[in-house]
Amino acid sequence: MNEKISLKDAISIGIGGMVGGGIFAVLGLAVSLAKGGTPVAFLFAGLIALLTAYSYAKLSKKYPENGGTVRFVHQQYGNGIFAGGINNLLWVSYIVMLALYASAFGSYGAEMFSITGNKEIDTRIFQSAIILIALFINYLSVKLVGEIESIAVVIKLIILIGFIGVGFYGFSIHPENLGQLAPSNWENPMLILSGGMVIFVAYEGFELIANSISDLKNKEKNIEKAYFGAVGFVVILYILIAIVTVGALPFKEIANAQDYVLAKAAEPTLGQIGFTIITITALISTFSAINATVLGSGRVNYDIAEDEELPQYFTHKFWGKPIGLLITAILSITLVNSFNLQSISTAGSAGFLLIFAIVNFIGFKRHQELESKKWIHLLATILCALAFMTLIIQQFAENKIGVLTALGIILFCFLLEYAYKKTVPNTL
């Protein structure tokens, strides 16, 4: 328990948290919104992630023993209804992310294996079963979860970097779709911005670095390097993946293969072998992301309950683990089988944009004791808030269910906290 983690380990945690199921789940959705401007959408979302990472880095440096969003919110807002509502939203947003990753696993799994002969039914079987398998592994051994993560990070990064290399080589053989990247094929700025916000969930994983800061070697020197190293690497990776995908396939084919587009983008150069390799990578990546998210979200609601912002029931154990593990899995299975990918992605992005806006605002309010640049925190707060509103307004025209789901989840988290605090008044 006393072992310290290196800067390389901390960066790996951040990269592993970001390059999980998100890129496999939302890439096709991003292209459907932004068309040739998809790399710009990823860049804009990445810029917001980098600015928010600045706030996380400064807050983690100031509160290294109490790292993480839950603690940052408590430092500023105490233990009231607002703080509890935001921390509940963090837990529910993890549930949404779990559903998003499971959705991607189900789509890629159904493309590779047929169980019933009906692709829609197979997708539902895969996306439900993988959450149950991850839950079982979490009950079996936390150490096993860590070992799976370590192996998965290496495999997916090697193959994704290889995918980029092969993709750029493929442009010399199949250059016919490169014109799709030209500005004339970009959607209007509002749709590009909206595309960036819908796919923001592909970046939210850097927040996991905050939970490991207390064990980081040379904190003063390495905290900022860990955040910026992880986010900077992933921004470049995602932009290159978006360029290869848009340049490899006609928009019509991307739309038809929206749920498994990354595997489809490997076909022009590598054929069926490329499709299979990327599909396997997607299954490994989404499984590792589900595994880690089940573990992380179970711990989050346990911590929130310990802080008396959720009923003490959530501190109970089931088979030796927090009951939140089981509740999280059940809610995620319900969510992934009730809503489509775009609605889930919208809800996840909205939740994290709101949470990150508040964390950035905390950085702004505490900039003197953090010894940080006030304007960066303020800019990050404004951009997160604007991005949240843009997402809600633009998506409401096309995806009312997704927007109502997102707003309903946010409202529910605060009403839940209000009802709990009224029931147990001594927690105020």
Side-chain angles (χ1 to χ4, degrees), residues 52 55-56 59 63 66-99 197 200-201 204 207-208 210-211 293 296-315 322-324 327-328 330-332 334-335 343-344 346-366 377 380-382 384-389 391-392 402-428:
T52 303
S55 295
Y56 267 90
L59 286 163
Y63 311 112
N66 295 316
T69 304
V70 173
R71 299 299 171 222
F72 301 155
V73 171
H74 279 152
Q75 287 292 336
Q76 183 66 26
Y77 298 108
N79 199 26
I81 291 170
F82 181 77
I86 290 299
N87 287 330
N88 289 342
L89 179 60
L90 178 66
W91 171 46
V92 175
S93 294
Y94 273 122
I95 292 171
V96 175
M97 293 307 301
L98 197 51
M197 294 311 94
F200 188 76
V201 287
E204 57 77 30
E207 188 250 358
L208 295 173
N211 300 322
T293 306
S297 55
R299 285 180 172 176
V300 164
N301 62 45
Y302 184 88
D303 290 342
I304 295 170
E306 278 200 320
D307 292 330
E308 297 185 328
E309 292 174 344
L310 275 176
Q312 289 302 294
Y313 173 76
F314 284 91
T315 63
I323 190 72
I327 295 170
T328 296
I330 291 169
L331 291 174
S332 297
T334 304
L335 185 64
S343 297
I344 295 169
T346 298
S349 287
F352 276 105
L353 282 167
L354 186 57
I355 291 163
F356 286 166
I358 287 160
V359 172
N360 284 318
F361 184 70
I362 293 169
F364 169 73
K365 295 288 283 184
R366 292 178 169 250
H377 296 300
T381 304
I382 292 168
C384 281
L386 284 175
F388 173 81
M389 289 187 286
L391 177 67
I392 296 300
V403 171
L404 293 174
T405 302
L407 295 177
I409 285 172
I410 293 167
L411 182 62
F412 169 76
C413 290
F414 284 94
L415 289 176
L416 176 70
E417 191 63 25
Y418 176 79
Y420 175 62
K421 287 284 165 66
K422 287 295 181 185
T423 309
V424 190
N426 62 320
T427 61
L428 283 169

Side-chain heavy atoms of [X] within contact of [Y], under 4.5 Å:
X    : Y   : answer
V70  : W91 : no
F352 : T52 : no
I362 : S55 : no

Between [X] and [Y], which heavy-atom pair has the shortest distance, and what is it?
X    : Y    : result
S93  : G351 : OG-CA, 3.7 Å
Y77  : I358 : CE1-CG2, 4.0 Å
A406 : T346 : CB-O, 4.3 Å
S349 : L391 : CB-CD2, 3.9 Å
F414 : F82  : CE2-O, 3.6 Å

Residue pair V403, L407: steps toward the side-chain contact (heavy atoms from CB on, under 4.5 Å) verdict: CA-CA 6 Å; V403 171; L407 295 177; 3.9 Å; yes
Interatomic spacing from [atom1] in [X] to [atom2] in [Y] - rounded to 0.5 Å:
X    : Y    : atom1 : atom2 : result
M197 : L386 : CE    : CG    : 10.5 Å
F361 : C384 : CZ    : SG    : 13.5 Å
K421 : L416 : NZ    : CG    : 10.5 Å
C413 : N88  : SG    : CG    : 5.5 Å
I86  : L354 : CD1   : CG    : 5.0 Å
I410 : L415 : CD1   : CG    : 12.0 Å

Sidechain-backbone polar pair: T328 side chain, I95 backbone, donor-acceptor under 3.5 Å: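 Answer holds: no.
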S332: which of I327, V96, L98 passes side chain to side chain contact (heavy atoms under 4.5 Å, CB included):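 Among I327, V96, L98, the one meeting side chain to side chain contact (heavy atoms under 4.5 Å, CB included) with S332 is L98.
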Identified side chain to side chain contact (heavy atoms under 4.5 Å, CB included) partner of V73 from the options N87, L90, I355, N79: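 Going through the options one by one, the only one that passes is N87.
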Candidate list R71, H74, R366, test side chain to side chain donor-acceptor pair (under 3.5 Å), partner Y63, passing option: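 It is R366, the one option of R71, H74, R366 that forms the side chain to side chain donor-acceptor pair (under 3.5 Å) with Y63.
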Parallel, tilted or perpendicular: rings of F200 and F356 (30°, 60°):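 Plane angle over 60°, so perpendicular.
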E204 side chain to Y94 side chain, donor-acceptor N/O pair below 3.5 angstrom: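 Judged by distance alone, the side chains do not pair up.
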